[in-house]
K.L.:
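Sharing a structure here in structure tokens format.
Positions are given from 1 along the sequence.
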Amino acid sequence: RWGQQRYCGMTMANIVTAVLFMLGHWWAHPPLWAIAVLVPGLLFGACRDRYGSVVPAIVLHAVYNAGYVGVTGLPG
């Protein structure tokens, strides 16, 4: 399966999903902010790959957004 192939320790499914996650943020953020979303997206995907469930990735995303809002005061 193509999605299970690994590149630099990450599955292709994770890489493609993280790029789509970044593109989904493109409309609401300046381009450099949107590009910066790629790294957390890869982290969330790696969390999903490791635990076999999206629930830990959702929790991690919520914690990340709470920290972002707490530090910047801006909506995530």
Side-chain angles (χ1 to χ4, degrees):
R1 292 180 157 170
W2 76 267
Q4 297 303 317
Q5 294 174 344
R6 294 192 172 266
Y7 179 76
C8 295
M10 294 175 282
T11 62
M12 286 302 294
N14 181 12
I15 295 168
V16 170
T17 303
V19 168
L20 291 173
F21 184 70
M22 175 191 72
L23 292 174
H25 284 76
W26 199 272
W27 67 273
H29 299 283
L32 288 178
W33 265 135
I35 292 167
V37 168
L38 183 63
V39 173
L42 290 170
L43 178 65
F44 302 150
C47 185
R48 187 266 170 238
D49 286 345
R50 178 174 180 151
Y51 297 106
S53 171
V54 296
V55 174
I58 291 169
V59 171
L60 184 59
H61 188 283
V63 169
Y64 178 85
N65 279 2
Y68 175 81
V69 171
V71 169
T72 66
L74 301 172

K.L.:
Taking CG in L32 as the centre, count heavy atoms belonging to other residues, nucleotides or ligands within less than 6.0 Å. Is the count above 12?
P.N.:
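Open: at most 12 neighbouring heavy atoms sit under 6.0 Å from CG of L32.
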K.L.:
Identify the two heavy atoms, one from P56 and one from C47, that lie closest to each other, and give their separation to 0.1 Å.
P.N.:
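Heavy atoms of P56 and C47 come nearest at CB-SG, 3.6 Å.
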K.L.:
Tell me, please, which residues at least two apart from I35 pass side chain to side chain contact (heavy atoms under 4.5 Å, CB included).
P.N.:
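Result, side chain to side chain contact (heavy atoms under 4.5 Å, CB included) vs I35: M22, W26.
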K.L.:
Got a sec, which pairs hit side chain to side chain donor-acceptor pair (under 3.5 Å) with one end in residues 36-49, sequence neighbours left out?
P.N.:
T11-D49
K.L.:
For V71, what are the other residues in its hydrophobic cluster, where any two members join if their side-chain heavy atoms are less than 4.5 angstrom apart?
P.N.:
none
K.L.:
Check the hydrophobic clustering (I, L, V, M, F, W, Y; side-chain heavy atoms under 4.5 Å; chains of links allowed) and say if F21 and M10 are grouped together.
P.N.:
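Not linked; separate clusters.
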K.L.:
Could you check whether the rings of H61 and F44 sit parallel, tilted or perpendicular, using 30° and 60° as the cut-offs?
P.N.:
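Answer is tilted, since the angle falls between 30° and 60°.
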K.L.:
For residues N14 and A46, report the shortest heavy-atom separation together with the two atoms involved.
P.N.:
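For N14 and A46, the tightest heavy-atom pair comes out as ND2-N, 3.3 Å.
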K.L.:
Which heavy-atom pair separates H29 from A34 by the least distance, and what is that distance?
P.N.:
CB-N, 4.2 Å
K.L.:
Are M12 and L42 connected into the same hydrophobic cluster when the rule is that any two of I, L, V, M, F, W, Y join if their side-chain heavy atoms are below 4.5 Å apart?
P.N.:
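Result: yes, single cluster for both.
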K.L.:
If two hydrophobic side chains count as joined below 4.5 Å and joins carry through other members, does L43 share a cluster with L38?
P.N.:
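No, L43 does not connect to L38 through the hydrophobic network.
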K.L.:
With clusters defined by side-chain heavy atoms of hydrophobic residues (ILVMFWY) lying less than 4.5 Å apart, directly or transitively, does V37 cluster with Y64?
P.N.:
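Cluster IDs for Y64 and V37 match.
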K.L.:
Of all residues at least two apart in sequence or in a different chain, which pass the side chain to side chain contact (heavy atoms under 4.5 Å, CB included) check with I58?
P.N.:
V54
K.L.:
My understanding is that a hydrophobic cluster links ILVMFWY residues whose side chain heavy atoms are under 4.5 Å apart, including indirect links. Using that, what else belongs to the cluster containing W27?
P.N.:
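Besides W27, the cluster holds no residue at all.
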